[in-house]
Structures are given as structure tokens and as C-alpha cells.
Amino acid sequence: MNLEITIGVDVPELISADVVVVGSGPAGSAAALQLAKAGLDVVVVEEGSYQKPETYKESTFQAFANLYRDMGATITSGSAPMPYLQGRAVGGTSVVNGAISWRLPRDVYDGWVAEDPAIGEAFDWETMESALDEVEANLNIKPTGPEVAGPNNLLMAKGADAMGLEHRPIRRNVRGCQGLGRCLQGCPNGNKASMERSYLVWAQEAGARIISQARVERIETRPNGVIATDANGRQFRVRADRVVVAASAIQSPLLLMKSGLKQGPVGEHFQAHPGVSMAGYFPQKINVWQGATQGHEVIGLRKEGIKFEALGFDRTVAATRLKSVGSEFNADLETLDHWAHWGAAIRAETQGRVRRGFTGPRVSYNLIQSDIAKIRRGLAVLAEMMLLAGADYVTPGIHGFDAVVSTIERARAIEEEAPLDAKCYAAVMTHMFGTCRMGSNPKTSVVDTNFEHHHARGVYVVDSSVFPTNTGVNPQTSIIALATIAGRVIARRFSTRPKAAL
């Protein structure tokens with residue numbers, strides 16, 4: 001199942017194709033597959049490198065260096081700066097995510113259509129459902145089995161039961177998972193159905209060519225194509241009648257802006273799912289570095305905009321998440337295998353923006369009070385769930401609140417008594433959307449309902465940046481499904497031409 005990859009330094013100065021796809025993550029791979037299956041000559045250009053599963057390191061910090069953008073050090077600016085993590089590899093973030101697979105909720109889709117009925121006319125719910133079914137079948141998406149769940153996940157189920165909250169094993173895109181707890185570092189056995197193990201392979205089998213270690217610097221129009229830079233700083237061009245951008249909700253708007261395509265709200269309406277977490281000390285061993293990295297979730301508060309997930313980490317990251325310092329930290333470190341880690345993802349109402357900075361993207365994001373209220377409620381529920389699951393105590397990690405909570409009363413008090421200042425919470429941003437949003441009005445959207453740029457014919461955007469809103473759930477399955485629809489739309493509007501030689 002290994003890919004055949006051409007490294008950027010080995011390509012000529014000019015390449016011709018029917019379609020060039022920028023990015024090899026879930027969106028780019030799904031679109032490339034549909035376009036290649038339609039008989040089009042497809043070239044996928046990826047900034048990151050290709051690594052075989054057996055080369056993945058156990059250390060998360062080594063994974064940051066090899067598989068993540070900017071070594072995982074990207075951070076937003078605003079009232080409460082928070083890190084955001086993006087993969088940079090052949091296969092994109094799918095290589096290093098937790099393999100969580102959620103269908104697009106019907107209420108989210110209905111919200112998009114209510115705001116802009118043209119979206120429903122372009123692809124109705126039945127079309128979306130069919131694409132989601134296809135993705136689930138292709139990626140073997142199934143609930144996490146108890147044989148690989150591990151205590152961290154099973155205890156979350158126990159706590160949710162005690163609170164009367166709906167919960168379930170997380171559905172994941174894996175084949176033969178052995179519960180190694182290494183999803184975030186890349187699965188060393190290749191058992192995660194990430195893009196370089198699935199859609200990208202199938203796209204190549206259908207004729208697509210893949211160029212790695214090449215950064216697309218600019219989109220060209222009339223004639224269409226892209227300018228890219230290889231690892232040695234040499235530039236080359238890919239001439240293609242259609243340019244398909246699938247570089248993420250941060251990199252895609254930046255590329256459009258660098259290319260002079262600044263029309264519409266490009267870079268605006270940035271939305272995400274800020275995540276907060278909590279550690280709980282249990283009398284029994286948990287070993288969060290074993291079992292499915294993320295194998296259980298609590299969905300009873302999804303309609304409120306809060307979803308809970310078990311979190312697995314390697315020992316180095318687990319140690320950094322302990323809230324103690326000095327001698328207390330040393331004592332906690334001795335009992336590292338007794339700590340559970342759970343998180344709450346917030347469907348935030350906050351909208352930020354993405355702009356070009358001096359050294360890279362500048363992501364501005366200021367949490368509003370309603371989102372901070374969700375964070376407080378999420379942490380209160382996490383604390384209560386952990387205590388009801390058997391934790392001796394939890395460490396909320398909230399500046400200005402109890403350092404340690406060991407009673408249900410104090411757990412519930414988090415919702416009312418914890419500070420309303422965003423800086424008091426250690427949040428991490430996950431799942432980004434909306435910066436090239438789709439819509440029928442060129443003044444309020446960047447691409448139309450056929451995924452084509454309103455002001456640049458032949459330029460398409462197909463990743464989560466086109467989502468009109470965030471989804472409140474893990475978006476990978478929805479991204480693949482929507483990019484599948486997009487790839488078919490683009491193929492239908494294109495006449496097949498002979499394949500060009502690399």
C-alpha cells in the first residue's frame with residue numbers, strides 16, 4: 001500500500017496537467033480520487049514529506065518535528081492565545097489525528113441551507129448522506145471495540161452513566177487497531193486509514209501523480225496553474241486548466257491572498273472548536289499511553305455546543321499536562337500511570353480572521369462570553385464525571401479557581417464560580433473552518449455552491465474553509481464527503497484530455 005512519490009527537487013521546471021490539487025490531506029485526496037477516476041490528468045502538490053509507518057517515532061515531540069507544521073508551535077493571537085495543530089505530511093493532518101469519524105449532523109446542514117438555500121439546491125441532504133455512507137465504507141469506520149479501549153476510555157463511559165449523559169464508543173477510521181495509543185504520532189503499524197493509506201493510494205492507482213516536499217507559493221490565472229518551490233528553493237510551475245485548493249482553513253485563504261485573489265470575505269469568518277481538558281487521579285492504573293488514543297465520547301450536551309472525548313498521550317505529553325509544579329510535580333510524576341485525561345470540545349460562536357503575517361499566518365481569535373460559559377460548563381461536567389467514575393481528585397487547571405477538586409459540590413461550582421476571563425483557561429484550538437466560505441452571494445462568500453471561486457474561473461476550494469460554519473463535531477468525515485461531491489462537480493464541468501508526461 002506504499003505510495004510512489006516524486007520529490008519536488010526531481011521535477012522539471014514546467015509540468016502540464018488537467019488539474020493541480022494543492023494539499024494531500026482529507027480534502028485534497030478525496031477530490032483527487034474523483035478527478036482521476038473521471039479520467040483527468042491530476043497532479044497533487046504537497047508541502048510535507050512522505051514517511052512510511054515503520055519510521056514513525058513514539059515520542060510526540062519527535063512527531064511534532066517530522067509530521068506537524070512548524071513543529072506544533074503555531075498559536076493564535078487574541079485575548080487568550082491558544083495553540084493550533086496541523087499536520088504537514090503526505091496525507092495531511094489525517095496522519096496525526098485521533099481517527100475520530102463523525103458524520104455531518106443534519107441540524108448543521110439544515111442551518112447552512114436555512115442561511116443560503118442555494119447550498120441545498122447544489123447538493124441536497126440525500127447527496128450528502130450518500131457521500132457520507134461512501135466514506136464510512138471506504139475507511140472502515142466503526143465503533144472502538146472494548147478490546148482496545150483501555151481504562152481511560154472505559155472510565156469515561158462509567159462517569160457518563162453516573163451522570164445520565166448519552167455516550168458511546170468513538171467511531172474511528174482504522175483497520176486492525178491494536179490499541180497502541182500512537183494515533184497522534186502516526187500509527188507505526190499503518191492501521192489507521194489515513195489518506196496516504198487510502199484515498200491518496202486509490203487516486204494514484206487511478207492515475208494521479210503526487211509531488212511531495214514542494215510548497216505552492218502562488219496560484220496563476222490565465223493561464224491557470226501554480227508556482228511551487230522545492231526543498232532547495234527552486235521554483236517550478238504546474239500548468240493546469242483547473243486549480244483545486246485543499247490546503248486547510250488557514251493555508252487556503254493565505255494562498256488566495258498571496259495570489260491576489262482577495263475578493264469576498266477571504267480569511268474572515270474563521271471558526272473552530274476550542275478544546276479544554278482535565279486530569280484526574282485514580283487509585284488504579286490508567287496508562288493513558290495505552291489503548292485507543294481517543295476511544296470514547298460523551299454526546300449528551302452536543303446540542304448545547306459541548307462534546308467530551310477521552311484523550312490519550314505518550315508519557316512525555318501526559319507529564320506536561322499535570323498542573324502541579326516543583327516537588328508536587330515530582331510526586332505526581334511518580335504516579336503518572338494513575339492519571340486519566342479527558343477533554344471538552346466547544347462549538348464556539350466566536351469568529352476570527354486569518355491574515356498574512358511577517359513570518360507566517362496571523363490568526364486572530366477572541367473568545368466571547370458565551371463561549372467562555374460553555375468552557376466553564378464543560379470543565380464542571382468533566383470534573384463531576386471523573387469523580388463519579390472513581391477519581392480521588394481532579395486538577396481543573398483554571399487560574400483563579402481551586403487547584404484541586406475532590407467533591408461533587410466543588411466540581412459543580414466551576415460553572416458558576418470560575419473566572420470569565422479567557423486568559424484563565426488553557427485551551428487548544430482544533431478543527432478550523434469558514435475562511436473561504438461557500439455561498440451564492442459573492443459579497444458574503446468566497447466560492448460559489450459549485451466550489452468555484454466567484455472571481456477566478458477554474459479555481460476551486462474544497463476543504464473545511466468552505467464550510468459556512470463550524471460543525472460541533474470532528475469534521476474529517478464531512479470534509480472527505482464534501483470534497484468527494486466537489487470532485488465530481490468539477491469533473492462533470494471538465495472535458496477529458498490526454499494525460500501529460502511528468
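- Residue pairs meeting the ring pair (Phe, Tyr, Trp, His ring centres under 6.0 Å) criterion with at least one partner in residues 390-432, sequence neighbours excluded, are His273-His431, Tyr281-Tyr393, Trp339-Tyr393.
- Taking the side chain as every heavy atom from C-beta outward, Arg315 and Glu58 approach each other to under 4.5 Å.
- Residues forming a side chain to side chain contact (heavy atoms under 4.5 Å, CB included) with Ser464 (at least two apart in sequence, or on another chain): Ala249, Phe433, Phe467, Ile479.
- Residue pairs that meet the ring pair (Phe, Tyr, Trp, His ring centres under 6.0 Å) test with at least one member in residues 71-107, sequence neighbours left out, do not exist here.
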Test log, rule salt bridge (Lys or Arg N to Asp or Glu O under 4.0 Å), inputs Arg376 and Glu417 = CA-CA 9 Å; Arg376 295 200 309 177; Glu417 297 181 19; over 6 Å; no
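- Contact detail for Arg347 and Asn470: the closest heavy-atom pair is NH2-O, 2.8 Å.
- With values rounded to the nearest 0.5 angstrom, Thr444 atom OG1 is found 8.0 Å from Glu115 atom CD.
- Under the rule for a side chain to side chain contact (heavy atoms under 4.5 Å, CB included), the partners of Ala131 that lie at least two apart in sequence or sit in another chain are Ala481, Ile485.
- More than 12 non-hydrogen atoms from other residues, nucleotides or ligands lie less than 6.0 angstrom from CD of Gln284.
- Applying the side chain to side chain contact (heavy atoms under 4.5 Å, CB included) test to Ile75 and every residue at least two apart in sequence or in another chain returns Pro81.
- Applying the salt bridge (Lys or Arg N to Asp or Glu O under 4.0 Å) definition to pairs two or more places apart or across chains, none involves residues 140-161.
- In terms of modelled atom types and a separation under 3.5 Å, the side chain of Ser130 and the main chain of Glu126 share no donor-acceptor contact.
- The two residues Ser277 and Leu379 have their closest heavy-atom pair at O-CD2, 3.8 Å.
- Nearest heavy-atom pair, Ala383 versus Ala411, reported as atom, atom and distance to 0.1 Å: CB-CB, 3.6 Å.
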Under the side chain to side chain donor-acceptor pair (under 3.5 Å) rule, what do Thr144 and Arg172 come out as? Steps first, then yes or no, please.
-> CA-CA 7 Å; Thr144 301; Arg172 300 185 302 144; 3.0 Å; yes
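- Listed for the Thr320 side chain is a donor-acceptor partner under 3.5 Å among the backbone atoms of Val317.
- Under the 4.5 Å side-chain criterion, counting only non-hydrogen atoms from C-beta, Gln185 is not in contact with Val96.
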Given Met156 and His167, is the side chain to side chain contact (heavy atoms under 4.5 Å, CB included) satisfied, shown in steps?
-> CA-CA 9 Å; Met156 174 171 269; His167 63 94; over 6 Å; no
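- Between Arg106 and Met128, every side-chain heavy-atom pair lies at or beyond the 4.5 Å cut-off.
- Between Asp107 and Arg302 there is a salt bridge, since a side-chain N of the basic residue sits under 4.0 Å from a carboxylate O of the acidic one.
- Within the model, atoms OG of Ser79 and CG of Asn366 stand 4.0 Å from one another, a figure rounded to the nearest 0.5 Å.
- Two residues are said to be in side-chain contact when any heavy atoms from C-beta on lie closer than 4.5 Å; Leu254 and Gln251 meet this criterion.
- Within the structure, salt bridge (Lys or Arg N to Asp or Glu O under 4.0 Å) pairs that include any residue of residues 382-399 comprise Glu384-Arg412 (at least two apart or interchain).
- For Ser24 against Glu46, the heavy-atom pair with the smallest separation is OG-OE1, 2.7 Å.
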What do the steps show when you test Gln476 against Ser94 for side chain to side chain contact (heavy atoms under 4.5 Å, CB included), and what is the final call?
-> CA-CA 8 Å; Gln476 178 175 270; Ser94 73; 3.4 Å; yes
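- Rounded to the nearest 0.5 angstrom, Ser248 OG and Asp463 CG are separated by 6.5 Å.
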Applying side chain to side chain contact (heavy atoms under 4.5 Å, CB included), run through Asn189 and Leu180 and close with a yes or a no.
-> CA-CA 9 Å; Asn189 292 340; Leu180 300 180; 3.4 Å; yes
Check the pair Leu104, Thr477 against side chain to side chain contact (heavy atoms under 4.5 Å, CB included), reporting the backbone distance first and the verdict last.
-> CA-CA 8 Å; Leu104 181 71; Thr477 304; over 6 Å; no
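- Note that OH of Tyr50 is 9.0 Å distant from OG1 of Thr55, once rounded to the nearest 0.5 Å.
- Here His269 pairs with nothing under the ring pair (Phe, Tyr, Trp, His ring centres under 6.0 Å) rule; sequence neighbours left out.
- Every ring pair (Phe, Tyr, Trp, His ring centres under 6.0 Å) that Phe270 has, sequence neighbours left out, goes to Tyr365.
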After noting the C-alpha distance and the side-chain angles of Glu409 and Thr407, does the key distance pass the side chain to side chain donor-acceptor pair (under 3.5 Å) rule?
-> CA-CA 5 Å; Glu409 179 184 19; Thr407 68; 4.9 Å; no
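- A side-chain donor from one of Asp124 and Thr127 sits under 3.5 Å from a side-chain acceptor of the other.
- Taking every heavy atom of both residues into account, Gln271 and Thr350 meet most closely at CG-O, 3.9 Å.
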Side chain to side chain donor-acceptor pair (under 3.5 Å) between Asn191 and Arg175, intermediate numbers included | CA-CA 5 Å; Asn191 291 334; Arg175 297 187 180 95; over 6 Å; no
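- In the model, Asn152 has no side-chain atom that pairs as donor or acceptor with a side-chain atom of Gln290 under 3.5 Å.
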Please lay out, stage by stage, how Glu136 and Asn173 fare under the test side chain to side chain donor-acceptor pair (under 3.5 Å).
-> CA-CA 8 Å; Glu136 288 193 335; Asn173 53 296; over 6 Å; no
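- Asp133 is linked by a side chain to side chain contact (heavy atoms under 4.5 Å, CB included) to Arg103, counting only residues two or more places apart in sequence or in another chain.
- Looking at Gln51 and Leu67, their side chains come closer than 4.5 Å, going by heavy atoms from C-beta outward.
- Using cut-offs of 30° and 60° for the angle between ring planes, the His341 and Phe313 rings count as perpendicular.
- Inter-residue side-chain proximity for Gln86 and Met432 is flagged as met; some heavy-atom pair is nearer than 4.5 Å.
- In terms of the ring pair (Phe, Tyr, Trp, His ring centres under 6.0 Å) criterion, Phe282 has no residue partners (sequence neighbours excluded).
- By the 4.5 Å heavy-atom criterion applied to side chains, Arg437 and Val466 are not counted as neighbours.
- Under the 4.5 Å side-chain criterion, counting only non-hydrogen atoms from C-beta, Tyr109 is in contact with Trp125.
- Nearest approach of Leu382 to Val276, heavy atoms of both residues: CD1-O, 4.4 Å.
- Taking CZ of Arg355 as the start and CZ of Arg362 as the end, the distance is 8.0 Å to the nearest 0.5 Å.
- To the nearest 0.5 Å, atom OG1 of residue Thr76 and atom CE of residue Met429 are 5.0 Å apart.
- Contacts classified as salt bridge (Lys or Arg N to Asp or Glu O under 4.0 Å) and involving residues 285-299 (residues at least two apart or in different chains) are given here: Arg168-Glu297, Lys285-Asp337, Glu297-Lys307.
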